[in-house]
Amino acid sequence: MKLTILGGGGFRVPLVYGALLTDRAEGRVTEVVLHDLDAGRLSAVGRVLAEQAAAVPGAPTVTTTTDLDEALRGADFIFSAIRVGGLEGRADDERVALAEGVLGQETVGAGGIAYGLRTVPVAVDIARRVARLAPDAWVINFTNPAGLVTEAMSRHLGDRVIGICDSPVGLGRRIARVLGANPNEAWIDYVGLNHLGWVRGLTIAGRDELPRLLADPDLLGSFEEGKLFGVDWLQSLGAIPNEYLHYYYFNREAVRAYQHAEKTRGAFLADQQARFYDEVGAPGARALDVWDRTRAEREATYMSENRETAGAGERDADDLSGGYEKVALALMRAIARDERTTLILNVRNQGTLSVLDQDAVIEVPCLVDANGAHPVSVAPLPDHATGLVCSVKAVEREVLAAAESASRATAVKAFALHPLVDSVNVARKLVEGYTSVHPGLAYLK
């Protein structure tokens with residue numbers, strides 16, 4: 001099987017390739033094609049992958065190309081992890097928003113809207129090319145904002161595009177671990193949008209163990225989300241939110257922390273990865289060692305401002321291993337080999353949540369087989385969650401409409417309607433600020 005990775009010069013590509021190296025069963029991926037616009041980054045990542053594969057007999061072959069059509073032709077699976085505008089664009093997203101006193105995070109609030117506006121046109125172009133050049137391929141989307149981008153691509157690829165995210169997986173794993181259960185044996189009742197969901201139950205051997213967790217303050221406060229949100233708030237919610245909901249529930253504190261930080265997250269990663277690519281390119285560099293060291297630093301500093309605001313301390317060692325590559329591999333394996341499994345994925349609603357239409361992409365448990373991912377019926381969300389989900393989905397639809405129509409006014413509307421942007425005038429300033437720094441938004445008229 002041929003796997004094409006879009007954004008193949010990206011820093012986290014070795015995670016995906018490393019997962020493939022452990023997959024020794026029949027019907028596995030045998031060919032990997034890395035596509036990126038930056039030939040230098042492709043070369044650097046290629047060196048890391050070569051060192052990973054050095055002692056692995058029969059490792060998937062790796063080729064690189066800057067030609068998108070060449071990369072897509074003949075692909076069985078296409079993994080999309082592009083970053084339109086690069087990390088410098090992310091840093092600009094953060095700075096413009098923070099200057100107006102609102103959140104600039106890459107998937108949440110103003111930053112997420114800006115990122116979506118410049119990413120959707122590129123993602124749609126990719127989807128159209130896939131439909132023409134590799135109509136039987138399955139697209140696995142990790143490009144952020146993952147739910148929004150998956151929905152944009154689904155309008156051209158239907159259910160053959162599936163979005164993935166490691167946040168729900170990590171959350172379920174932490175809850176199961178603190179309850180003393182095997183995460184692989186637990187059913188996780190999780191529902192929402194990407195980076196906007198809640199665990200409402202965790203069933204082990206037919207028994208929902210979440211009430212036991214919520215009733216025990218010591219147990220509840222012993223893991224990442226308990227430290228981040230606080231025991232009292234989780235007990236009030238009666239659920240465990242995705243970590244990204246900290247930006248909503250503690251928005252003022254988060255904005256203040258980001259405004260006072262030495263660097264924004266995007267600026268930190270831009271500097272860190274520039275050093276990584278320089279080091280890997282140096283004569284005699286041990287590319288895999290450089291990558292391992294850089295990855296450890298990256299994971300340890302994830303959402304550090306939020307944890308500092310909450311007094312949550314350092315991340316647990318068990319939470320530093322990532323996870324999205326495992327979701328991607330499990331998804332590919334289930335489809336390619338018809339090995340049925342259950343995964344939390346971003347898929348079209350198809351009536352799963354009655355408050356949203358059929359084509360709205362949501363994040364829920366899905367049964368996966370050779371025919372793709374099928375969302376599992378879930379109970380309705382409580383009113384507070386329903387309101388937030390519907391509000392953010394409405395914003396996503398305005399982003400899609402702005403990208404399709406190239407309408408600046410519709411872009412302003414998308415910003416203004418977001419619950420974390422508190423003024424139409426601020427929305428106008430945001431659009432003005434973003435279009436002045438991002439060439440990728442020049443299409444808005």
Side-chain angles (χ1 to χ4, degrees), residues 1-36 39-81 130 133-134 136-142 160 162 164 166 169 184 276-277 280-281 284-296 321-341 343 368-373:
M1 289 194 305
K2 174 182 174 179
L3 168 64
T4 292
I5 301 179
L6 307 181
F11 179 78
R12 291 202 277 188
V13 168
L15 289 172
V16 178
Y17 190 67
L20 294 175
L21 292 177
T22 66
D23 186 32
R24 313 305 298 163
E26 291 298 319
R28 66 188 180 91
V29 171
T30 56
E31 178 186 0
V32 175
V33 176
L34 307 182
H35 171 268
D36 204 286
R41 288 165 62 97
L42 276 176
S43 177
V45 170
R47 284 194 286 275
V48 177
L49 269 53
E51 291 187 21
Q52 284 181 302
V56 182
T61 62
V62 177
T63 57
T64 63
T65 180
T66 56
D67 186 317
L68 179 57
D69 288 355
E70 177 186 336
L72 296 177
R73 286 191 186 94
D76 298 289
F77 288 93
I78 298 162
F79 185 64
S80 179
V130 170
L133 299 170
D136 295 327
W138 291 90
V139 177
I140 300 173
N141 178 60
F142 189 70
R160 295 193 79 86
I162 300 167
I164 66 170
D166 49 357
V169 176
N184 298 324
F276 161 74
Y277 289 107
V280 169
R286 295 175 62 88
L288 184 56
D289 289 345
V290 176
W291 179 80
D292 276 330
R293 184 179 70 248
T294 307
R295 182 181 66 86
S321 58
Y324 85 99
E325 74 282 0
K326 298 173 185 175
V327 182
L329 186 62
L331 177 56
M332 287 191 288
R333 184 188 297 118
I335 293 174
R337 304 176 196 160
D338 201 16
E339 293 182 3
R340 298 185 181 187
T341 190
L343 298 167
V368 188
D369 57 22
N371 295 313

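The model shown is predicted, which means the values in this text are computed figures rather than measured ones.
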Heavy-atom closest contact ([X] atom, [Y] atom, distance):
X      : Y      : value
Gly8   : Asp36  : N-OD2, 3.6 Å
Ala287 : Val280 : CB-CG1, 3.9 Å
Pro14  : Gly10  : CD-O, 4.1 Å
Ala53  : Ala59  : CB-CB, 3.7 Å
Ala334 : Val368 : CB-CG1, 3.7 Å
Asp338 : Ala370 : OD1-N, 3.0 Å

Kindly compute the distance separating [atom1] ([X]) from [atom2] ([Y]), expressed to the nearest 0.5 Å.
X      : Y      : atom1 : atom2 : answer
Leu343 : Leu331 : CG    : CG    : 6.5 Å
Thr66  : Leu34  : OG1   : CG    : 12.0 Å
Tyr277 : Arg41  : OH    : CZ    : 3.5 Å
Ile78  : Leu6   : CD1   : CG    : 6.5 Å
Thr61  : Leu49  : OG1   : CG    : 11.0 Å
Thr4   : His35  : OG1   : NE2   : 9.5 Å

Here's a test for you: under side chain to side chain contact (heavy atoms under 4.5 Å, CB included), which of Leu3, Thr30, Leu21 qualifies with Pro60?
Leu21
Is any side-chain heavy atom of [Y] closer than 4.5 Å to one of [X]?
X      : Y      : result
Arg337 : Arg28  : yes
Tyr17  : Ile5   : no
Arg295 : Leu15  : yes
Leu20  : Met332 : yes

Please answer whether the main-chain N or O of [Y] pairs with a side-chain N or O of [X] as donor and acceptor at a distance below 3.5 Å.
X      : Y      : value
Asp76  : Lys2   : yes
Glu70  : Thr65  : no
Glu51  : Leu288 : yes
Asp369 : Arg340 : no
Ser43  : Gly40  : no

Quick one, Ile164 with Phe79, criterion side chain to side chain contact (heavy atoms under 4.5 Å, CB included). Give me CA distance, side-chain angles, the key distance, then yes/no.
CA-CA 10 Å; Ile164 66 170; Phe79 185 64; 3.7 Å; yes
With side chain to side chain contact (heavy atoms under 4.5 Å, CB included) as the criterion, how do Phe142 and Arg12 come out once you've worked through the C-alpha distance, each side chain's angles and the decisive distance to 0.1 Å?
CA-CA 11 Å; Phe142 189 70; Arg12 291 202 277 188; 3.2 Å; yes
Evaluate the side chain to side chain contact (heavy atoms under 4.5 Å, CB included) criterion for residues Val16 and Val32: first the C-alpha distance (whole Å), next the side-chain angles of each, then the deciding distance (0.1 Å), finally the verdict.
CA-CA 10 Å; Val16 178; Val32 175; over 6 Å; no
Could you label the plane-to-plane angle of the Phe11 and Phe276 rings as parallel, tilted or perpendicular, counting under 30° as parallel and over 60° as perpendicular?
perpendicular
Any chance you could lay out the side chain to side chain contact (heavy atoms under 4.5 Å, CB included) test for Phe77 and Ile335, step after step, and finish with the verdict?
CA-CA 10 Å; Phe77 288 93; Ile335 293 174; 4.0 Å; yes
